[in-house]
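Down below is the structure, laid out as structure tokens.
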Amino acid sequence: MGSKWTVMIVLLLADDQELRFGALRRRMPGVSQKMLTHTLRQLEDDGLAHRRVEPTSPPAVHYSLTALGDTLVGPLRELKRWAETNMGTIDALHTSAVKSRRDQ
């Protein structure tokens, strides 16, 4: 759970049940194809996401959360809510600390 991309993928899959690779990438500005692939593989390896491949040409690859992945959604939504509530305060404190260090 150390990656911002992991959190974003889990929350996107929670909202949409199942998404194709391209749809995930479009909804995640700034993520590279390599990073998205790496993060999805980690989620699969950890048992949090399921990969389904349709045998089309080219193959259509879909991702969804597993039952274990679903248990992560509530805590992540709460963390997201906390961050959104406190973002202004954190930014102000950070700016003040940086300015204070610079003035020393």
Side-chain angles (χ1 to χ4, degrees):
M1 298 297 14
S3 159
K4 67 179 178 180
W5 302 121
T6 300
V7 173
M8 190 178 289
I9 290 169
V10 169
L11 293 177
L12 285 171
L13 291 176
D15 289 343
D16 287 298
Q17 304 300 311
E18 184 177 74
L19 287 169
R20 289 183 62 179
F21 182 90
L24 277 167
R25 189 163 181 210
R26 282 190 296 278
R27 294 180 63 185
M28 298 174 64
V31 71
S32 68
Q33 182 170 335
K34 180 179 177 179
M35 180 54 72
L36 180 56
T37 299
H38 174 75
T39 306
L40 286 165
R41 284 186 185 150
Q42 282 186 317
L43 286 169
E44 284 180 81
D45 291 347
D46 293 342
L48 300 172
H50 173 73
R51 182 177 185 256
R52 180 175 66 84
V53 181
E54 288 182 22
T56 58
S57 182
V61 182
H62 303 262
Y63 293 90
S64 59
L65 292 177
T66 63
L68 182 60
D70 282 334
T71 68
L72 188 56
V73 174
L76 287 180
R77 284 192 173 139
E78 185 59 27
L79 179 61
K80 181 180 179 214
R81 186 197 62 73
W82 178 90
E84 290 169 349
T85 299
N86 294 289
M87 192 175 304
T89 301
I90 293 167
D91 285 345
L93 289 168
H94 178 81
T95 300
S96 176
V98 169
K99 183 182 182 311
S100 177
R101 261 193 307 272
R102 212 179 14 235
D103 292 343
Q104 290 179 351

Note, M28 side chain near L36 side chain (heavy atom, < 4.5 Å):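 SC-SC contact between M28 and L36 confirmed.
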Heavy-atom side-chain proximity of L24 to R20 below 4.5 angstrom: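 No. Closest side-chain heavy atoms not under 4.5 Å.
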For the atom pair [atom1] ([X]) and [atom2] ([Y]), what is the distance rounded to the nearest 0.5 Å?
X: R25; Y: S32; atom1: CZ; atom2: OG; value: 7.0 Å
X: H38; Y: S3; atom1: NE2; atom2: OG; value: 8.0 Å
X: L65; Y: H50; atom1: CG; atom2: NE2; value: 11.5 Å
X: E18; Y: L13; atom1: CD; atom2: CG; value: 9.0 Å
X: L12; Y: Q17; atom1: CG; atom2: CD; value: 12.5 Å
X: Q33; Y: T37; atom1: CD; atom2: OG1; value: 5.5 Å

Side-chain donor or acceptor of T39 paired with backbone N/O of M35 under 3.5 Å: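 Side chain of T39 to backbone of M35, a donor-acceptor pair under 3.5 Å: yes, one is there.
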Exam field: side chain T95 to backbone D91, donor-acceptor pair closer than 3.5 Å: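 Side chain of T95 to backbone of D91: a pair is present.
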Short N-O contact, K99 and D103, less than 4.0 angstrom: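 Looking at D103 together with K99, the answer is yes, because their closest N to O distance falls below 4.0 Å.
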Ion pair check, E78 and R81, cut-off under 4.0 Å: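 Counted as a salt bridge, because a side-chain N and a carboxylate O are separated by less than 4.0 Å.
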side-chain contact (heavy atoms from CB on, under 4.5 Å) partner of Y63, the single match among L19, L40, D16: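 Option passing the side-chain contact (heavy atoms from CB on, under 4.5 Å) with Y63: L40.
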Minimum-distance pair of heavy atoms, taken over all atoms of [X] and [Y]:
X: P75; Y: T71; value: CD-O, 3.5 Å
X: D46; Y: L68; value: O-CD2, 4.0 Å
X: V31; Y: W5; value: N-CH2, 3.5 Å
X: V53; Y: P59; value: CG1-CB, 3.8 Å
X: V73; Y: A14; value: CG2-CB, 3.5 Å
X: G47; Y: T66; value: O-OG1, 2.5 Å

Side-chain donor-acceptor pair present, H62, E54, cut-off under 3.5 Å: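 A pair is found: one side chain offers a donor N or O, the other an acceptor, under 3.5 Å apart.
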CZ/R77: more than 12 non-hydrogen atoms of other groups inside 6.0 Å: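 Above 12, so yes.
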Worked verdict on E84 versus K80 for side chain to side chain contact (heavy atoms under 4.5 Å, CB included): CA-CA 6 Å; E84 290 169 349; K80 181 180 179 214; 3.1 Å; yes
